Structures are given as structure tokens and as C-alpha cells.
Novice: 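First the structure, then my questions, so here it is.
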Amino acid sequence: MIEQLVARVFSARNVAHREHLKTRSYAQHVALGSFYEDVIGAIDSVIEAYQGRYGLIDIPKIEDPRISNVVSYLKDEAEWIEANRDKFAKCPAVLNLVDELAAVYLRTNYKLIHLM
């Protein structure tokens with residue numbers, strides 16, 4: 001299940017970067033820029049802690065979805081992480097890092113929904 005999280009986060013990072021470059025909204029440009037920078041550090045921490053506890057994982061092939069609404073997409077991804085949180089690991093330290101990862105999505109959702 002952790003591999004699926006990794007693939008989805010890598011895809012979300014790519015989607016956010018693509019949308020960051022094509023938006024005409026300065027607020028959206030800044031929010032998405034922060035997201036794609038912050039999310040990579042957050043998922044790196046999750047992967048490193050997971051691998052320190054459970055061993056190496058296979059990094060999956062990443063397929064970037066084409067989306068019609070980046071706000072809805074990132075909101076849905078945040079909800080997926082929250083819904084599947086306890087399936088990623090049993091180790092509390094890893095789960096704390098997953099929570100920090102989810103917070104990156106939630107902060108971005110706040111910026112995209114309420115500061116536009």
C-alpha cells in the first residue's frame with residue numbers, strides 16, 4: 001500500500017507543477033508552487049522512515065493523470081490519504097510522517113479554496 005501512496009504523491013506533485021505553470025491566478029501559482037516543493041520533502045521523509053523500519057520498497061512507475069480541476073483533485077487526494085492512513089504502516093513514527101504529508105495537502109487546499 002505504501003507504494004500506491006508514493007505513486008499518487010509523485011503524480012500529484014507533477015500535476016501541481018504543471019498547473020502552477022499554466023495558471024493565470026497569482027494566488028494559485030504561489031499555492032501550487034509551495035505544494036510541489038513541500039510535498040517532495042514530506043514524501044521523502046515518509047519513504048525513508050518506512051524503509052528504515054520495514055526495508056526497501058519498489059518505487060512504482062508514475063502515471064500522471066490529466067485533471068480538469070486541480071482544487072478538486074488535491075482535495076480528493078488528501079481525503080484518500082486520510083482514509084487509507086492506517087493501511088500504510090503500523091509504526092507510529094511513519095504514521096506521524098504520513099500525517100505531516102496530509103497536512104501539506106490540507107494547507108494547499110486552504111490556500112486554493114479560501115485565498116483565491
Side-chain angles (χ1 to χ4, degrees):
M1 190 70 173
I2 194 75
E3 291 87 353
Q4 188 176 2
L5 173 66
V6 172
R8 290 177 79 128
V9 171
F10 284 6
S11 289
R13 181 255 173 249
N14 291 345
V15 165
H17 199 168
R18 185 172 54 244
E19 295 298 314
H20 160 85
L21 292 172
K22 73 179 198 178
T23 186
R24 292 180 178 217
S25 163
Y26 180 73
Q28 189 175 52
H29 179 80
V30 171
L32 292 171
S34 293
F35 175 81
Y36 76 72
E37 291 174 359
D38 296 345
V39 79
I40 291 304
I43 193 62
D44 277 357
S45 294
V46 171
I47 295 167
E48 290 168 358
Y50 184 94
Q51 291 184 144
R53 176 65 174 89
Y54 300 106
L56 298 179
I57 65 170
D58 290 324
I59 302 300
K61 181 180 177 195
I62 303 157
E63 296 193 24
D64 298 338
R66 296 292 173 194
I67 54 116
S68 60
N69 183 313
V70 69
V71 176
S72 295
Y73 170 72
L74 291 177
K75 183 177 179 290
D76 291 346
E77 289 299 294
E79 290 171 359
W80 182 86
I81 292 170
E82 290 175 1
N84 291 286
R85 176 192 184 269
D86 294 332
K87 297 176 187 170
F88 300 132
K90 300 291 184 213
C91 175
V94 174
L95 292 176
N96 286 339
L97 293 169
V98 170
D99 292 340
E100 290 180 24
L101 171 67
V104 172
Y105 282 81
L106 297 177
R107 285 192 305 271
T108 303
N109 288 344
Y110 160 72
K111 294 171 188 175
L112 291 173
I113 294 167
H114 299 290
L115 300 180
M116 295 294 291

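The model shown is predicted, which means the values in this text are computed figures rather than measured ones. Below, each value reflects all heavy atoms present in this structure, side chains not excepted, and no hydrogens, waters or symmetry copies.
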Novice: How would you list, by chain and number, every residue that makes a salt bridge (Lys or Arg N to Asp or Glu O under 4.0 Å) with Glu79, sequence neighbours excluded?
Specialist: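 Salt bridge (Lys or Arg N to Asp or Glu O under 4.0 Å) list for Glu79, sorted by chain: Lys75.
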
Novice: Quick check: closest heavy atoms across Leu97 and Ser45, and the distance to 0.1 Å?
Specialist: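 Distance-wise, the nearest heavy atoms are CD1-O, 3.4 Å.
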
Novice: Test of understanding: with ring-ring contact (aromatic ring centres under 6.0 Å, His included), list the residues that count as partners of Tyr73, not counting sequence neighbours.
Specialist: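 Not a single residue meets the ring-ring contact (aromatic ring centres under 6.0 Å, His included) criterion with Tyr73.
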
Novice: Say whether, by atom type as modelled, one donor and one acceptor occur between the side chain of Asp58 and the main chain of Pro60 under 3.5 angstrom.
Specialist: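 A pair under 3.5 Å: no.
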
Novice: Should side-chain heavy atoms under 4.5 Å link Ile, Leu, Val, Met, Phe, Trp and Tyr, which residues sit in the same cluster as Val30?
Specialist: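 Tyr26, all in the cluster of Val30.
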
Novice: State the CD-CD1 distance between Glu48 and Ile43, to the nearest 0.5 angstrom.
Specialist: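 Glu48 atom CD to Ile43 atom CD1 measures 10.5 Å (nearest 0.5 Å).
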
Novice: Do Tyr50 and Leu56 belong together in a cluster built from hydrophobic side chains that touch within less than 4.5 Å?
Specialist: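 No.
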
Novice: Rounded to the nearest 0.5 Å, what separates atom CD1 in Ile81 from atom CG in Asp76?
Specialist: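 Nearest 0.5 Å value for the CD1-CG distance: 11.5 Å.
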
Novice: Pairs in or reaching into residues 91-112: which pass side chain to side chain donor-acceptor pair (under 3.5 Å), with residues at least two apart or in two chains?
Specialist: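 As it turns out, the side chain to side chain donor-acceptor pair (under 3.5 Å) pairs with a partner in residues 91-112, which skip direct neighbours, are Arg85-Asp99.
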
Novice: In terms of hydrophobic clustering (I, L, V, M, F, W, Y; side-chain heavy atoms under 4.5 Å; direct or indirect links), are Val46 and Met1 co-clustered?
Specialist: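 Linked, Val46 and Met1 end up in one cluster.
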
Novice: Using a 4.5 Å cut-off on heavy atoms from C-beta on, say whether the side chain of Leu74 contacts that of Leu32.
Specialist: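 Yes, their side chains come closer than 4.5 Å.
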
Novice: Does Asn84 reach the side chain of Leu5, with side-chain heavy atoms less than 4.5 Å apart?
Specialist: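 No, side chains not in contact.
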
Novice: For Lys22, enumerate each residue passing the salt bridge (Lys or Arg N to Asp or Glu O under 4.0 Å) test, keeping only those at least two apart in sequence or located in another chain.
Specialist: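 If we apply the salt bridge (Lys or Arg N to Asp or Glu O under 4.0 Å) test to Lys22, skipping adjacent residues, the hits are Glu19.
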
Novice: May I ask you to decide if the ring planes of His29 and His20 are parallel, tilted or perpendicular, using 30° and 60° as cut-offs?
Specialist: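 Plane angle under 30°, so parallel.
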
Novice: If you look only at distance, which donor and acceptor atoms sit under 3.5 Å apart when one is on a side chain in residues 10-18 and the other is two or more places apart or in another chain?
Specialist:
unit_1, atom_1, unit_2, atom_2, d
Ser11, OG, Ala7, O, 3.1
Ser11, OG, Glu63, O, 3.0
Arg13, NH1, His17, ND1, 3.0
Arg13, NH2, His17, ND1, 3.0
Asn14, ND2, Asp64, OD1, 3.1
Asn14, ND2, Asp64, OD2, 3.1
Arg18, NH2, Pro65, O, 3.0

Novice: Is there a path of hydrophobic side-chain contacts, each under 4.5 Å between heavy atoms of I, L, V, M, F, W or Y residues, that connects Leu95 with Val6?
Specialist: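 No, because Leu95 and Val6 fall into different hydrophobic clusters, even though each may have its own neighbours under 4.5 Å.
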
Novice: Check the hydrophobic clustering (I, L, V, M, F, W, Y; side-chain heavy atoms under 4.5 Å; chains of links allowed) and say if Leu106 and Trp80 are grouped together.
Specialist: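 They do not share one cluster, since no chain of ILVMFWY contacts under 4.5 Å joins Leu106 to Trp80.
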
